[in-house]
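The structure appears right after this line, and notes come after that.
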Amino acid sequence: MAVLVIAEHDNANLSDATAKVVTAASKFGSDVDVLVAGEGAGAVAAAAGQIAGVRKVVHADGASLKKQSAEAMEALVVPMMAGYDAVFIAATTTGKNIAPRIAAKLDVMQLSEIVAVIDPSTFVRPIYAGNAIMTVKSSDAKKVITVRGTAFPAAAGGGSASVESAAAPAGPFKSEFVSDEMVKSDRPELTAAKRIVSGGRALGSSDKFKEVIIPLADKLGAAVGASRAAVDAGYAPNDYQVGQTGKIVAPELYVAVGISGAIQHLAGMKDSKIIVAINKDEEAPIFQVADYGLVADLFVAVPELTKAL
Amino acid sequence: MKVLVPVKRVIDYNVKVRVKPDQTGVDLANVKMSMNPFDEISVEEAVRLKEAGVATEIVVVSIGPQQAQETIRTALAMGADRGILIKTDATVEPLAVAKLLAKVVGEESPDLVILGKQAIDDDSNQTGQMLAALLDWPQGTFAYKLEKDGGALKVVREVDGGLQTVKLTLPAIVTVDLRLNEPRYASLPNIMKAKKKEIAEKSPEAYGVDISPRLTVVKVTEPATRSAGVKVEDVAALVAKLKTAGAV
């Protein structure tokens, strides 16, 4: 079985997500090729060739691929699929943008955010924000799959796959890139963070949220999250929201501060490796999923914890 | 500008889903159903475009059982003009939904289709992108902000690590993310008015679309439960536990 992995990168660096997708792809078939589509992305193609288990790297380079727009990626990948049984891509905003376009053109049903490969046509994926786990079998001849990175370890390095060139699609496309506005922060991105500190409604105000949560997050090198209740109350911006309608996270360490643990929130964080809950209310549902629970006044306990670390 | 807004009826986001003991799926009996939260945001955005004089007509479409009509009514009460119900009791996968929507687009010729980025039941996040591919239209997924710019539409997208702005030639597909707007509650007079708005009833067969599923559910299970944790006495004990676990 031949499988194409679409690399995630910013033309300069290969994202860690790609090596994880290679692990998932190797469970599907033994012939794993990596497609690096970009502009001036030679270093990325070289890095992709070093992932263990990769047969070859296909490097398509051109202006139309600079931002890996869904329209350009569709034009590039759909013809290539004649030679592959499946295409795997990370379930990032880039992957989610591209994959369904390819699937529709191939007339196949995509499998989104898989967490396990059972056999080349059977996969496991969470539904209802992880509140149920579905094992599903695809009858389509070719598979289009997005992979949840937190579910697979990264493939090792040390490979030496050859790099072969492919032509970039000419365009123009009906979608045009205007600008990027990336958050300039030393803090890791929420969905990729190894540690997260989240605040809830108990913080009481946006000032208190900053005063209590941020120092602890800084100390831990953690991303900052919030419950929907805290976001709705205006204590934290909406893009901090962790939960069924916000971001789904699974860090190594998740510290829930003043979060009661509504279903909505638990759905977004319960796959975290270690969960710490700090809450005054010992009956709070968050304690049912927490590995370590501390019943305490957060305004005293969190600064103390920040100091003790 | 004519806007088409597809909406889906799903389990209300506040309901705790229960997996059926026979592992065939999730229990939907006697469970509160609502409009997919992301679709509420799509409807709201379309209504705002109309209020701003950008959109001229909003057509809402839903594919589902008879009760999906209630979901359409909700959208009509929020300010949409008329509805289309493509009635079926079958499970319709995103690819088939996109094919049906492509047919509706053919009939209605909208300039813009606004969809939720995903439905909170199957979490697929596919329909909008698939529809864009089938129509060969440009797409602006995970929208944070929309702005009409002559014959084009500027879409600010939520991407990992920040925002990205793209310019789409109309007609186009937009899928919405959480921060685009806060949907309104329909007022009582508008709910009454919505009862008089037209909902056309169609069927997948009438559109000539094969909706037979490509995926077979082998089983649906509960996620692994977390082992019961421990309560710690104080901050010092917590730090000790975290150090032992190698978490800090």
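Every chain is numbered from 1, with letters handed out A, B, ... down the list of sequences. Model, not experiment: these values are computed from the prediction.
The environment of NZ in B:K20 is crowded: more than 12 heavy-atom neighbours from other residues, nucleotides or ligands sit within 6.0 Å. B:K2 NZ: more than 12 foreign heavy atoms inside a 6.0 Å radius. Around CG of A:D218, the count of heavy atoms belonging to other residues, nucleotides or ligands within 6.0 Å exceeds 12. Residue B:K145 qualifies as open at atom NZ: its count of foreign heavy atoms under 6.0 Å is 12 or below. Heavy atoms from other residues, nucleotides or ligands lying under 6.0 Å from CD of B:E182 number 12 at most.
At distances below 3.5 Å, at least one donor-acceptor pair connects side-chain atoms of A:S139 with backbone N or O atoms of B:R214. Looking at A:K105, its side chain does come within 3.5 Å of a backbone N or O of B:A133 through a donor-acceptor pair.
Between chain A and the residues B:T165, B:V156, B:V239, B:D123, the most heavy-atom pairs under 4.5 angstrom are made by B:T165. Across A:A192, A:A104, A:A103, the residue that shares the most heavy-atom pairs under 4.5 angstrom with chain B is A:A104. The residue among A:L111, A:V78, A:I275 with the most heavy atom pairs within less than 4.5 Å of chain B is A:I275. Each of B:L153, B:T127, B:T221, B:D122 has some count of heavy-atom pairs under 4.5 Å with chain A, and the biggest count is that of B:T221. Considering only heavy-atom pairs separated by less than 4.5 Å from chain A, the leading option among B:T175, B:D234, B:D136 is B:D136. Of the residues considered (A:V276, A:I98, A:V302, A:L220), A:V276 shows the highest number of contacts with chain B, using heavy-atom pairs under 4.5 Å. Counting heavy-atom pairs under 4.5 Å between each of B:M130, B:Q129, B:Q126 and chain A puts B:Q126 at the top. When each of B:E93, B:Q139, B:K167 is scored by its heavy-atom pairs under 4.5 Å with chain A, the top score falls to B:Q139. Between chain B and the options A:I127, A:T135, A:V136, A:V178, heavy-atom pairs under 4.5 Å are most frequent for A:T135. With chain B as partner, the option from A:S69, A:S272, A:G221 having the largest number of non-hydrogen pairs under 4.5 angstrom is A:S272. Contact tally against chain B (heavy-atom pairs below 4.5 Å) for A:R101, A:E71, A:K137: the top residue is A:R101. Considering only heavy-atom pairs separated by less than 4.5 Å from chain A, the leading option among B:G161, B:A247, B:P37, B:G246 is B:G161.
Residue contact with chain B, scored on non-hydrogen atoms closer than 4.5 Å, is absent for A:F173. The contact between A:A132 and chain B is made by backbone and side chain atoms together, counting heavy-atom distances below 4.5 Å. In this structure, the portions of B:V232 lying under 4.5 Å from any heavy atom of chain A include both its backbone and its side chain. B:L238 touches chain A through its side chain: at least one heavy atom from C-beta onward sits under 4.5 Å away, while N, CA, C and O do not. With a threshold of 4.5 angstrom between heavy atoms, B:A98 does not approach chain A through any atom at all. Only the backbone of A:D271 comes within contact range of chain B, judged by heavy atoms closer than 4.5 Å. Using a 4.5 Å cut-off between heavy atoms, B:P94 contacts chain A through both its backbone and its side chain. Residue contact with chain A, scored on non-hydrogen atoms closer than 4.5 Å, is absent for B:Q23. The part of A:E189 that comes within reach of chain B is its side chain, from C-beta onward, which places non-hydrogen atoms under 4.5 angstrom from that chain. When heavy atoms are compared at a cutoff of 4.5 Å, A:T122 approaches chain B solely by way of its side chain, counted from C-beta outward. With a threshold of 4.5 angstrom between heavy atoms, B:L131 does not approach chain A through any atom at all. Heavy-atom distances place both the backbone and the side chain of B:V159 under 4.5 Å from chain A. If you measure heavy-atom distances from A:I102 to chain B, you find no contacts under 4.5 Å at all. Neither the backbone nor the side chain of B:R18 comes within contact range of chain A; no heavy atom of the residue lies under 4.5 Å from a heavy atom of that chain. For a residue to count as touching a neighbouring chain, one of its non-hydrogen atoms must lie under 4.5 Å from one of that chain's; by this rule B:Y144 does not touch chain A. Contacts of A:K270 with chain B are made by both backbone and side-chain atoms, with heavy-atom separations under 4.5 Å. Residue contact with chain B, scored on non-hydrogen atoms closer than 4.5 Å, involves the side chain of A:I263 exclusively. For A:T191, the part lying under 4.5 angstrom from a heavy atom of chain B is the side chain only. Interface remark: B:K99 contributes side-chain atoms only to the contact with chain A (heavy atom separation under 4.5 Å). Heavy atoms closer than 4.5 Å to chain B are found in the side chain of A:E74, but not in its backbone.
Nearest heavy atoms, A:R195 versus B:V248: NH2-CA, 3.5 Å. The minimum heavy-atom distance linking B:L28 with A:Y128 is given by the pair CD2-OH, 4.0 Å. Minimum heavy-atom separation, A:T93 to B:R157: O-NH2, 4.3 Å. Across A:N131 and B:E222, no two heavy atoms sit closer than the pair O-OE1, 4.4 Å. Closest approach of B:P223 and A:I133 over heavy atoms only: CA-CG1, 3.7 Å.
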Evaluate B:K241 against A:I274 for side-chain contact (heavy atoms from CB on, under 4.5 Å), listing each step before the verdict.
CA-CA 11 Å; B:K241 288 280 189 196; A:I274 295 177; over 6 Å; no

Between B:R226 and A:D291, does the salt bridge (Lys or Arg N to Asp or Glu O under 4.0 Å) criterion hold? Intermediate values first, please.
CA-CA 8 Å; B:R226 296 187 70 93; A:D291 298 283; 2.7 Å; yes

Quick one: do B:Y13 and A:R228 satisfy side-chain contact (heavy atoms from CB on, under 4.5 Å)? Show the steps, please.
CA-CA 12 Å; B:Y13 79 90; A:R228 181 171 176 144; 3.6 Å; yes

B:D160 vs A:K247, test: salt bridge (Lys or Arg N to Asp or Glu O under 4.0 Å). Steps then yes/no.
CA-CA 11 Å; B:D160 293 332; A:K247 299 207 160 81; over 6 Å; no

Please lay out, stage by stage, how B:L168 and A:K174 fare under the test side-chain contact (heavy atoms from CB on, under 4.5 Å).
CA-CA 6 Å; B:L168 312 177; A:K174 288 181 259 184; over 6 Å; no

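You'll find the side chain of B:L163 stays beyond 4.5 Å of the side chain of A:D180, heavy atoms only. Residues B:L95 and A:D107 are in side-chain contact: their nearest non-hydrogen atoms beyond the backbone lie under 4.5 Å apart. Counting heavy atoms from C-beta outward, B:R179 and A:D239 have side chains that approach closer than 4.5 Å.
One side chain, B:T141 or A:N97, offers a donor N or O that lies under 3.5 Å from an acceptor on the other. With no hydrogens or angles considered, no side-chain donor-acceptor pair links A:Q110 and B:S124 at under 3.5 Å.
With rounding to the nearest 0.5 Å, the separation of OG in A:S175 from CD1 in B:I173 is 12.5 Å. Atom OG1 of A:T245 is separated from atom CD of B:Q118 by 10.0 Å, given to the nearest 0.5 angstrom.
Under a cutoff of 6.0 Å and an axis angle of 45°, B:K231 and A:Y292 do not form a cation-pi pair.
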